[in-house]
Amino acid sequence: MADTSGSQKTEDCIFCKIVAGELPAEVVYKDDETVAFADINPAAPVHLLVIPRKHYTNVVEAAADDPALIGRMLAVLTRLAGEKGLLEDGFRIVCNTGTRGGQSVPHLHFHLLGGRSMAWPPG
């Protein structure tokens, strides 16, 4: 089982359950550190989530413990953007942090959105 130590127990975290294979997800990529899967409520034609296997509540916690992880996750996001044909027309990467930042699942995750024009400001 993946290392999911951190501020929240595996049994309480929906994304830790996906990492552990306890909940289904449309997984599109995985490696030793990350898992990427389709968002169940897509906000764009392409809407993927990239999460670390290790549980971090948010980007602040991950950056304090393993700052290089953020860069590796961005590399996965851009790789997936290329695989989904988003490099030419563009895409958006979003990382919400905390309730006021719009974070709905307390496990670090980046959204990859593409396949349509994005408005600004995002909301």
Side-chain angles (χ1 to χ4, degrees):
M1 181 179 213
D3 179 7
T4 54
S5 61
S7 63
Q8 187 175 20
K9 294 179 182 176
T10 301
E11 64 266 12
D12 296 336
C13 176
I14 190 169
F15 288 172
C16 287
K17 289 179 181 183
I18 289 171
V19 168
E22 297 169 7
L23 285 177
E26 185 185 330
V27 175
V28 297
Y29 176 85
K30 58 184 171 179
D31 61 28
D32 291 342
E33 292 186 297
T34 63
V35 176
F37 52 92
D39 192 295
I40 60 170
N41 294 309
V46 174
H47 189 168
L48 303 176
L49 301 177
V50 176
I51 66 171
R53 288 181 178 272
K54 182 176 180 181
H55 182 90
Y56 290 104
T57 300
N58 55 44
V59 70
V60 175
E61 190 177 282
D65 184 62
D66 185 2
L69 173 66
I70 306 307
R72 294 188 300 272
M73 291 179 73
L74 288 172
V76 169
L77 287 153
T78 56
R79 173 186 173 156
L80 292 170
E83 289 176 4
K84 295 296 181 179
L86 303 176
L87 296 181
E88 185 175 325
D89 290 334
F91 55 94
R92 179 172 286 168
I93 295 172
V94 176
C95 182
N96 301 317
T97 301
T99 54
R100 291 196 72 178
Q103 186 177 6
S104 60
V105 177
H107 184 119
L108 169 61
H109 57 286
F110 286 91
H111 297 258
L112 173 63
L113 300 139
R116 68 167 175 81
S117 293
M118 302 287 159
W120 194 262

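Just so you know, these numbers come straight off a predicted model, no measurement behind them.
Between Phe37 and Ile51 the shortest side-chain heavy-atom distance falls below 4.5 Å.
Closest heavy-atom contact between Ala44 and Gly114: CB-O, 3.5 Å. Among all heavy-atom pairs drawn from Ile18 and Pro24, the shortest one is CG1-O, 4.4 Å. For Pro106 against His55, the heavy-atom pair with the smallest separation is O-CE1, 3.1 Å. Residues Gly115 and Pro45 approach most closely at O-CG, 3.5 Å, considering heavy atoms.
Formation of a donor-acceptor pair under 3.5 Å by the Gln103 side chain with backbone atoms of Thr57 is found in this model.
Applying the side-chain contact (heavy atoms from CB on, under 4.5 Å) test to Asp31 and every residue at least two apart in sequence or in another chain returns Tyr29, Glu33, Thr34, Val76. In this structure, the side-chain contact (heavy atoms from CB on, under 4.5 Å) partners of Ala68, at least two apart in sequence or on a different chain, are Asp66, Arg72. The ring pair (Phe, Tyr, Trp, His ring centres under 6.0 Å) test applied to His47 returns His111, not counting sequence neighbours. In terms of the side chain to side chain donor-acceptor pair (under 3.5 Å) criterion, residue partners of Asp65 (sequence neighbours excluded) are, by chain and number, Lys54, Tyr56. Residues passing the side-chain contact (heavy atoms from CB on, under 4.5 Å) test with Val28 are Ala36, Leu48, Leu80, sequence neighbours excluded.
Note on Leu87 and Met118: separate hydrophobic clusters, where clusters join Ile, Leu, Val, Met, Phe, Trp and Tyr whose side-chain heavy atoms are under 4.5 Å apart, directly or indirectly.
Atom CG of Leu113 sits about 9.5 Å away from atom CG of Leu86, to the nearest 0.5 Å. With rounding to the nearest 0.5 angstrom, the CG atom of Asn58 is 10.5 Å from the NE2 atom of His109. Atoms CD1 and NE2, from Ile14 and His107 in turn, are 11.5 Å apart once rounded to the nearest 0.5 Å.
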(request) Quick one: do Leu112 and Val50 satisfy side-chain contact (heavy atoms from CB on, under 4.5 Å)? Show the steps, please. (result) CA-CA 8 Å; Leu112 173 63; Val50 176; 5.7 Å; no
Could you give the side-chain donor-acceptor pairs of residues 88-97 under 3.5 Å, partners two or more places apart or in another chain?
{"unit_1": "Arg92", "atom_1": "NH1", "unit_2": "Ala119", "atom_2": "O", "d": "3.3"}
{"unit_1": "Arg92", "atom_1": "NH2", "unit_2": "Ala119", "atom_2": "O", "d": "2.9"}

